[in-house]
Amino acid sequence: MDSSRLTLIAGATGQIGSSVGMHLFEQQGWNPLGLARTPQKDAPYPMLALDLTDAQDCLNKIAALSNVTHVLYAARYDHFGGELESRETNVRMLENLLNALDSVSGNLQHIHLVHGTKYYGHTVKERRTPYQEDDACGNFNSFYYEQQCLLEQRQRGKRWSWSISRPHAFCNYRVDEARNMILLVGLYASILRELGLPLVYPGTMRSYRAKTQFSWLPTLARAATWMMTDERCANQAYNIVNGDPMSWSELWPHFADYFGMELGTPEDATFVDFARQHAQTWTGMVSKYGLRRTDLTTLAQWPYGDYVMSLQWDVVSSMDKAARDGFHERVNTTNMWLEGFDFFRSQKIIP
Ligand SMILES: NC(=O)c1ccc[n+]([C@@H]2O[C@H](COP(=O)([O-])OP(=O)(O)OC[C@H]3O[C@@H](n4cnc5c(N)ncnc54)[C@H](OP(=O)(O)O)[C@@H]3O)[C@@H](O)[C@H]2O)c1
């Protein structure tokens, strides 16, 4: 392992940046250096306070980093769930960083961007599945396409290479991450069970039956290190998902079994309303079961749950290209969910 690497993690406090940063920290030789506007004070590795929207701040602070060898870019401008994110701001953030790196890029080997299935326009319209990496972009309003074009253009004639991962809904076992479907469904199911109700799917029959997919975050972290080091990945994008697309109608019976509940039929309802209506019930459950003291409305990001369940068609990415080029990791999605419920129980977050 090359101990002279220095890996700049842009967006090091975010859902993805923090997990990938920890993964790199635990591997020998990656030497992560985090970057965010408000860095984590107790981070186990160094962090830099930098505002990527501020071109001068980038030039000033990146100037001292001539030994950066790798960049993992997982920054994403402020977003609140479900809304269209600013393409212009996100592209400018990457551009400011690339401009600043230009003057110190003598040691730069690779820049990896974490993107996602929005590239294919999975929220915009139904299209042929599985999505392949060279399918045409299906959502020019997302910032992915322009960031990728910018990166391709800036790489020409340079010694460094780039790669991009396209994961889907992330899953991880963390108690401090509200954008977490396993936690959200675990809370939802345990409240319904407490009320003696069946496990109803909150959404349309179509979304219940459509195939969907997830990305296990530790797998994405390993895939990112593969892309940053394997020559076959130079200047390529890869889908990174668990690899066993499933419908909610296939998962829901496993969840009902796990919680010892009757399986309900889909109903037109939202997680947001559910959390609002059952905050009191939750407070009672926290005392009754000796759980960690939490506020139901903020413990999980309920609008994110509604967004995930809102898709009315199959969303499936092909893992063939990753396998062809050497990444073979697959995750059993059902086990990932059930072991996740075990985790949140062991942490006294759900009963
Ligand atoms: N989360 C998912 O399920 C998911 C799924 C598929 C794809 N993706 C993609 O993965 C990438 C990362 O997303 P994420 O969900 O991990 O993001 P996130 O949790 O919202 O984190 C964003 C990160 O960017 C930093 N940041 C924001 N504005 C900044 C600025 N002006 N200057 C410097 N740093 C800034 C934030 O820290 P500060 O606020 O302290 O600056 C934070 O560390 C995005 O491209 C996203 O679309 C995410």
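This one's a predicted model, so the numbers in the text were calculated from it and none came from an experiment. In listed order, ligands and their atoms are each counted from 1.
Protein heavy atom closest to atom 43 (O) of ligand 1, with residue, atom name and distance, is Thr13 OG1, 2.6 Å. Looking only at protein heavy atoms, the nearest one to atom 11 (C) of ligand 1 is Val114 O, 3.5 Å. Ranking protein heavy atoms by distance to atom 40 (O) of ligand 1, first place goes to Thr38 N, 2.9 Å. At the top of the distance list for atom 4 (C) of ligand 1, counting protein heavy atoms only, stands Phe170 CD1, 3.3 Å. Shortest contact from atom 26 (N) of ligand 1 to any protein heavy atom: Arg76 O, 4.0 Å. Here the protein heavy atom with the shortest distance to atom 1 (N) of ligand 1 is Gln15 OE1, 2.5 Å. If you check which protein heavy atom lies closest to atom 10 (O) of ligand 1, you get Ile16 CD1, 3.1 Å. Distance from atom 32 (N) of ligand 1 to its nearest protein heavy atom, with residue and atom name: Leu52 N, 2.8 Å.
Defined by atom type and a distance below 3.5 Å, a donor-acceptor pair is missing between the side-chain atoms of Gln155 and Ser161. With 3.5 Å as the limit, one finds no donor-acceptor pair spanning the side chains of Asp314 and Tyr131. A donor-acceptor contact closer than 3.5 angstrom is absent between the side chains of Ser215 and His168. With no hydrogens or angles considered, a side-chain donor-acceptor pair links Gln15 and Arg179 at under 3.5 Å. Defined by atom type and a distance below 3.5 Å, a donor-acceptor pair is missing between the side-chain atoms of Asp273 and Gln277.
Neither the backbone nor the side chain of Thr117 comes within contact range of ligand 1; no heavy atom lies under 4.0 Å. For Met93, every heavy-atom contact with ligand 1 shorter than 4.0 Å involves the side chain, none the backbone. The proximity of Phe143 to ligand 1, defined as any non-hydrogen pair under 4.0 Å, is limited to the side chain. With a heavy-atom cut-off of 4.0 Å, Ala10 does not touch ligand 1 at all.
The closest heavy-atom contact to atom 21 (O) of ligand 1, among the options Cys171, Pro39, Gly14, comes from Gly14. Taking only non-hydrogen atoms, the option from Phe214, Tyr304, Tyr144, Tyr77 nearest to atom 47 (O) of ligand 1 is Tyr144. Of the candidates Gln40, Arg92, Arg179, Gln147, it is Arg179 that places a heavy atom closest to atom 18 (P) of ligand 1. With Arg37, Arg166, His115, Gln301 as candidates, the residue nearest to atom 8 (N) of ligand 1 on a non-hydrogen basis is His115.
Using a cut-off of 4.0 Å between Lys/Arg side-chain N and Asp/Glu carboxylate O, Lys321 and Asp134 are scored as not salt-bridged. Using a 4.0 Å cut-off between charged nitrogen and carboxylate oxygen, Lys158 and Glu152 do not count as a salt-bridge pair. Salt bridge Glu329/Arg222: present, at least one basic N to carboxylate O contact under 4.0 Å.
Looking at Trp162, Tyr119, Trp226 one by one, the single match for ring-ring contact (aromatic ring centres under 6.0 Å, His included) with Tyr238 turns out to be Trp226. Applying side-chain hydrogen bond (donor to acceptor under 3.5 Å, both in side chains) to Trp282 and the options Thr297, Asp295, Thr294 leaves one that passes, Thr294.
Which parts of ligand 1 touch Ala12 is read off a 4.0 Å heavy-atom cut-off, strictly below it: atoms 43 (O). Interface atoms of ligand 1 facing Ala75, defined by a heavy-atom separation under 4.0 Å, are 24 (O). Ligand-side atoms of ligand 1 in range of Leu50: 32 (N), 33 (C), range being under 4.0 angstrom from any heavy atom. The contact set between ligand 1 and Thr53, taken as ligand atoms under 4.0 Å from a residue heavy atom, comprises 31 (N).
Between Tyr144 and Lys118, some side-chain heavy-atom pair lies under the 4.5 Å cut-off.
Between Leu35 and ligand 1, no pair of N/O atoms sits closer than 3.5 Å.
In terms of modelled atom types and a separation under 3.5 Å, the side chain of Asn172 and the main chain of Arg174 share no donor-acceptor contact.
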